[in-house]
Amino acid sequence: MFLWTKEFSVGVKELDQQHQHLFDLLNSLVVAVEKGESLVELMLLLDGVSNYNLYHLSSEEEYMKRLDCESQDHLSAHAWYRKNAKQRINGVRENLRAGILKAPELHEVIMFVGSWHVEHIFKVDKTYTACFNDHGLV
């Protein structure tokens with residue numbers, strides 16, 4: 001499970017809320033896997049995580065561009081994540097559709113997504129705090 005604490009705050013309320021929501025979505029997927037929810041339910045939750053990730057990363061990038069706070073390292077990290085997450089999530093989707101998915105495979109994807117975001121928040125997202133705050137985004 002992914003527990004949000006104040007140490008995750010990037011100093012921007014909207015983005016903190018998005019990070020919190022992403023953790024909630026991941027945790028819902030963990031619970032669904034552990035309860036043995038239907039393949040349809042698992043697919044819906046997995047799609048929810050995937051779609052929300054894309055929305056969140058786009059939100060960050062839009063603020064970086066609009067506020068002139070762009071960082072090539074940050075954008076490259078997002079591009080790497082999108083590519084790798086897409087490959088992993090698509091593989092899980094295919095196995096869900098085929099009815100051959102095993103719980104460890106879903107847990108691996110959940111851990112990939114969650115762990116990447118935890119590390120990304122601490123090492124990369126926090127680097128935009130000062131720039132965003134200087135432009136009035138708090």
Side-chain angles (χ1 to χ4, degrees):
M1 299 294 263
F2 295 93
L3 177 65
W4 175 265
T5 64
K6 66 181 178 180
E7 287 79 26
F8 284 102
S9 177
V10 295
V12 177
K13 185 177 180 179
E14 178 183 350
L15 297 175
D16 284 345
Q17 289 172 338
Q18 289 179 12
H19 289 144
Q20 289 172 14
H21 185 64
L22 177 59
F23 281 19
D24 290 343
L25 290 171
L26 288 167
N27 290 335
S28 295
L29 187 52
V30 168
V31 169
V33 171
E34 291 173 356
K35 285 184 173 181
E37 293 287 349
S38 71
L39 294 179
V40 171
E41 181 66 20
L42 293 174
M43 183 73 84
L44 288 171
L45 289 168
L46 183 62
D47 286 347
V49 167
S50 179
N51 292 336
Y52 196 78
N53 268 320
L54 297 176
Y55 162 75
H56 167 68
L57 296 177
S58 295
S59 292
E60 281 185 1
E61 292 166 359
E62 179 59 34
Y63 281 127
M64 283 188 272
K65 183 177 181 178
R66 188 175 59 169
L67 301 175
D68 197 26
C69 298
E70 286 182 289
S71 156
Q72 192 55 49
D73 289 341
H74 203 145
L75 296 174
S76 293
H78 284 191
W80 181 91
Y81 171 79
R82 281 185 179 103
K83 177 185 173 192
N84 286 278
K86 181 180 179 178
Q87 289 173 346
R88 291 171 188 238
I89 290 171
N90 284 345
V92 168
R93 276 191 189 115
E94 288 174 21
N95 288 343
L96 274 169
R97 285 187 189 109
I100 59 172
L101 185 73
K102 306 239 184 301
E105 189 178 4
L106 253 173
H107 280 293
E108 188 277 326
V109 167
I110 294 165
M111 287 305 300
F112 171 77
V113 171
S115 297
W116 184 86
H117 278 282
V118 166
E119 184 174 339
H120 184 74
I121 290 167
F122 281 112
K123 291 185 177 179
V124 182
D125 282 352
K126 287 183 178 257
T127 64
Y128 62 55
T129 300
C131 186
F132 283 7
N133 291 169
D134 288 348
H135 288 87
L137 190 61
V138 292

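Every heavy atom of this structure was used, including side-chain atoms; hydrogens, water molecules and symmetry mates were not.
Between E119 and K123, at least one side-chain nitrogen of the basic residue sits less than 4.0 Å from a carboxylate oxygen of the acidic one, meeting the salt-bridge criterion.
The side-chain contact (heavy atoms from CB on, under 4.5 Å) check on N90 picks up K86, R93, with sequence neighbours excluded. Take A103 and apply the side-chain contact (heavy atoms from CB on, under 4.5 Å) test, not counting sequence neighbours, and it matches V33, H107. Applying the side-chain contact (heavy atoms from CB on, under 4.5 Å) test to E105 and every residue at least two apart in sequence or in another chain returns V92, N95, L101.
Clustering ILVMFWY residues whenever any of their side-chain heavy atoms sit less than 4.5 angstrom apart, transitively, puts I110 in a cluster other than the one holding L44. Linking ILVMFWY residues whenever their side-chain heavy atoms come closer than 4.5 Å, directly or via other members, leaves Y63 and L54 in distinct clusters. A continuous path of Ile, Leu, Val, Met, Phe, Trp and Tyr side chains, each step under 4.5 Å between heavy atoms, connects M1 with V49, placing both in one hydrophobic cluster.
In terms of heavy atoms, F122 sits closest to E7 at CE2-O, 3.2 Å. Nearest heavy-atom pair, V109 versus R88, reported as atom, atom and distance to 0.1 Å: CG2-O, 4.0 Å. Residues E37 and L42 come closest through the heavy atom pair O-CD1, 3.7 Å.
Atom OG of S50 and atom CG of L25 lie 11.0 Å apart (nearest 0.5 Å). In this structure, the separation between CD on E41 and CG on L96 is 11.5 Å, given to the nearest 0.5 Å. Rounded to the nearest 0.5 angstrom, H56 NE2 and H117 NE2 are separated by 6.0 Å. Distance check: I89 CD1 to N53 CG gives 6.5 Å after rounding to the nearest 0.5 Å. Taking CG of L29 as the start and CG of D24 as the end, the distance is 12.5 Å to the nearest 0.5 Å. Atoms CH2 and CD1, on W116 and I121 in that order, are 9.0 Å from each other to the nearest 0.5 Å.
At a cut-off of 3.5 Å, with distance as the only test, no side-chain donor of Q17 or H21 sits close to an acceptor on the other residue. Side-chain polar atoms of D125 and H74 form a donor-acceptor pair below 3.5 angstrom.
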Discussion item. Using side chain to side chain contact (heavy atoms under 4.5 Å, CB included), reason through E61 and R66 one step at a time and then give a plain yes or no.
Written reply: CA-CA 8 Å; E61 292 166 359; R66 188 175 59 169; over 6 Å; no
Fill in: side chain to side chain contact (heavy atoms under 4.5 Å, CB included) between F112 and N84, worked out
CA-CA 9 Å; F112 171 77; N84 286 278; 3.8 Å; yes
Practice prompt. Apply side chain to side chain contact (heavy atoms under 4.5 Å, CB included) to F2 and M111, showing your working.
Written response: CA-CA 9 Å; F2 295 93; M111 287 305 300; 4.0 Å; yes
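Listed for the T127 side chain is a donor-acceptor partner under 3.5 Å among the backbone atoms of V124. Without hydrogens or angle criteria, T129 side chain to K126 main chain gives a donor-acceptor distance under 3.5 Å. Side-chain atoms of D16 come within 3.5 Å of backbone N or O of V10 as a donor-acceptor pair.
Relative orientation of the Y52 and Y55 rings is tilted, given thresholds of 30° and 60° on the angle between their planes. Ring geometry for F23 against F8 counts as perpendicular: the plane angle is over 60°, on a 0 to 90° scale with 30° as the lower cut.
The shortest distance between side-chain heavy atoms of H120 and H19 does not fall below 4.5 Å. In this structure, F132 and V138 have side chains that are not in contact, with every pair of non-hydrogen atoms separated by 4.5 Å or more.
Counting heavy atoms of neighbouring residues, nucleotides and ligands inside a 6.0 Å radius, atom CG of D134 exceeds 12 of them.
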